[in-house]
Amino acid sequence: MEQINVVLGVIGSDCHAVGNKILERYFSAEGFSVTNLGVMVSQDEFIDAAIETGAEAILVSSLYGHAEIDCEGFRDRCLERGLDHVVLYLGGNLVVGKTDQTAVEQKFLDMGFDRVFSGSHNELTDQAQLLRDDIMASRNGKRHRAG
Ligand code: B12
């Protein structure tokens, strides 16, 4: 099967490590070649790793509620550094407190993520297939943007 490289990690000063390990196992078991940067990863560390490994997707987690600050400008930074076609996913507990899930997800889609998973959408079900489809679309110059 064709190897597809992806980069995974928890952004910012966030130290929540358990979900990250589960994501590594899930996407590896689904056939992706996963570079897992672990916790407390900066935007540039994600991008450096994606460039080094030729990753076609960056999967960002944020669990401690500060995703908006940590993810600000991420898509622009990818473009600045030549990652024009990288697929960007974001998941976790993205904001502090109870906020409407759809509104939360839309906020991050507007920031340039291709798919956003929060609340009940965090459960790992068909994300590997979605990712495969989005990477294929991106290769064909049709980057997916939900919403
Ligand atoms: C254990 C824990 C800790 C431990 C972490 C230990 C460690 N090194 O992992 C300790 C005690 C250190 C900790 C600290 C803090 N924590 Co804490 N912690 C938790 C707790 C109880 C469990 C987290 C966990 O392991 N979950 C199990 C895993 C399997 O689930 P998960 O992390 O959500 O990951 C899954 C999904 O989110 C999803 N997912 C995640 N990312 C992505 C990405 C993609 C692309 C996709 C598709 C899916 C996906 O898939 C994952 C696998 O199934 C949660 C509450 C909870 N029940 O979730 C709070 C919680 C995450 N913590 C919270 C907070 C506030 C903190 C602190 C700020 C507390 C404080 N005031 O100090 C600090 C932050 C420290 C820091 N710098 O990060 C809040 C966050 C609030 C928010 N976002 O709204 C939570 C939700 C508790 C709460 N209800 O208030 N915490």
Could you tell me whether a side-chain N or O of [X] sits under 3.5 Å from a main-chain N or O of [Y], the two making a donor and an acceptor?
X: Asn122; Y: Gly92; result: yes
X: Gln129; Y: Thr125; result: no
X: Asp14; Y: Tyr64; result: yes
X: Gln43; Y: Glu72; result: yes

Practice problem: Compare every heavy atom of His66 with every heavy atom of Val96, then report the nearest pair and how far apart it is. | Solution: CG2-CE1, 4.5 Å
Quiz item: How close do Ala128 and Tyr26 get, heavy atom to heavy atom, and via which atoms?
Solution: N-OH, 3.0 Å
With hydrophobic residues grouped by side-chain heavy-atom distances under 4.5 Å, do [X] and [Y] end up in a single group?
X: Val39; Y: Leu37; result: no
X: Leu124; Y: Leu63; result: no
X: Leu130; Y: Val34; result: yes
X: Val18; Y: Leu94; result: no

My understanding is that only residues two or more places apart in sequence, or in another chain, count here; which of them pass side chain to side chain donor-acceptor pair (under 3.5 Å) with [X]?
X: Glu68; value: Lys107
X: Asp44; value: Arg77, Arg81
X: Ser118; value: Glu105
X: Ser120; value: Gln101

Quiz prompt | Within 6.0 angstrom of Glu123 CD, more than 12 heavy atoms from elsewhere | solution = no
For the atom pair [atom1] ([X]) and [atom2] ([Y]), what is the distance rounded to the nearest 0.5 Å?
X: Phe74; Y: Ile58; atom1: CZ; atom2: CD1; value: 4.5 Å
X: Arg115; Y: Leu109; atom1: CZ; atom2: CG; value: 9.5 Å
X: Phe113; Y: Leu90; atom1: CZ; atom2: CG; value: 4.5 Å
X: Ile135; Y: Ile4; atom1: CD1; atom2: CD1; value: 5.0 Å
X: Ser28; Y: Asn36; atom1: OG; atom2: CG; value: 8.5 Å
X: Leu88; Y: Cys78; atom1: CG; atom2: SG; value: 4.5 Å

Quiz item: For Phe32, which residues count as a ring-ring contact (aromatic ring centres under 6.0 Å, His included) partner, sequence neighbours excluded?
Solution: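 Scan of Phe32 (ring-ring contact (aromatic ring centres under 6.0 Å, His included), adjacent residues dropped) gives Phe27.
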List the residues meeting side-chain contact (heavy atoms from CB on, under 4.5 Å) with [X], not counting sequence neighbours, and say none if there are none.
X: Ser33; result: Gln3, Asn5
X: Glu45; result: Val41, Ser42
X: Thr102; result: Asp100
X: Leu79; result: Arg75, Asp76, Asp84

Self-check item: Side-chain donor-acceptor pair present, Glu24, Asn20, cut-off under 3.5 Å
Solution: no
Practice problem: Would you please name every residue forming a salt bridge (charged side-chain N to carboxylate O under 4.0 Å, His left out) with Arg25, sequence neighbours left out? | Solution: none
Quiz item: Listed by chain and number, what are the salt bridge (charged side-chain N to carboxylate O under 4.0 Å, His left out) partners of Glu56, not counting sequence neighbours?
Solution: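 Applying salt bridge (charged side-chain N to carboxylate O under 4.0 Å, His left out) to Glu56 gives Arg139.
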Quiz item: Under the ring-ring contact (aromatic ring centres under 6.0 Å, His included) rule, what pairs show up with a residue in residues 78-99, not counting sequence neighbours?
Solution: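 Of all non-adjacent pairs touching residues 78-99, those that pass ring-ring contact (aromatic ring centres under 6.0 Å, His included) are Tyr89-Phe117.
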Quiz item: Are Val60 and Asp70 close enough that some pair of their side-chain heavy atoms sits under 4.5 Å apart?
Solution: no
Self-check item: Derivation and outcome, side chain to side chain contact (heavy atoms under 4.5 Å, CB included), residues Leu59 and Leu23
Solution: CA-CA 9 Å; Leu59 313 180; Leu23 290 169; over 6 Å; no
Practice problem: Run through Ile47, Val86, Thr35, Asp48 and flag the one making a side chain to side chain contact (heavy atoms under 4.5 Å, CB included) with Val7. | Solution: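 Among Ile47, Val86, Thr35, Asp48, the one that satisfies the side chain to side chain contact (heavy atoms under 4.5 Å, CB included) with Val7 is Thr35.
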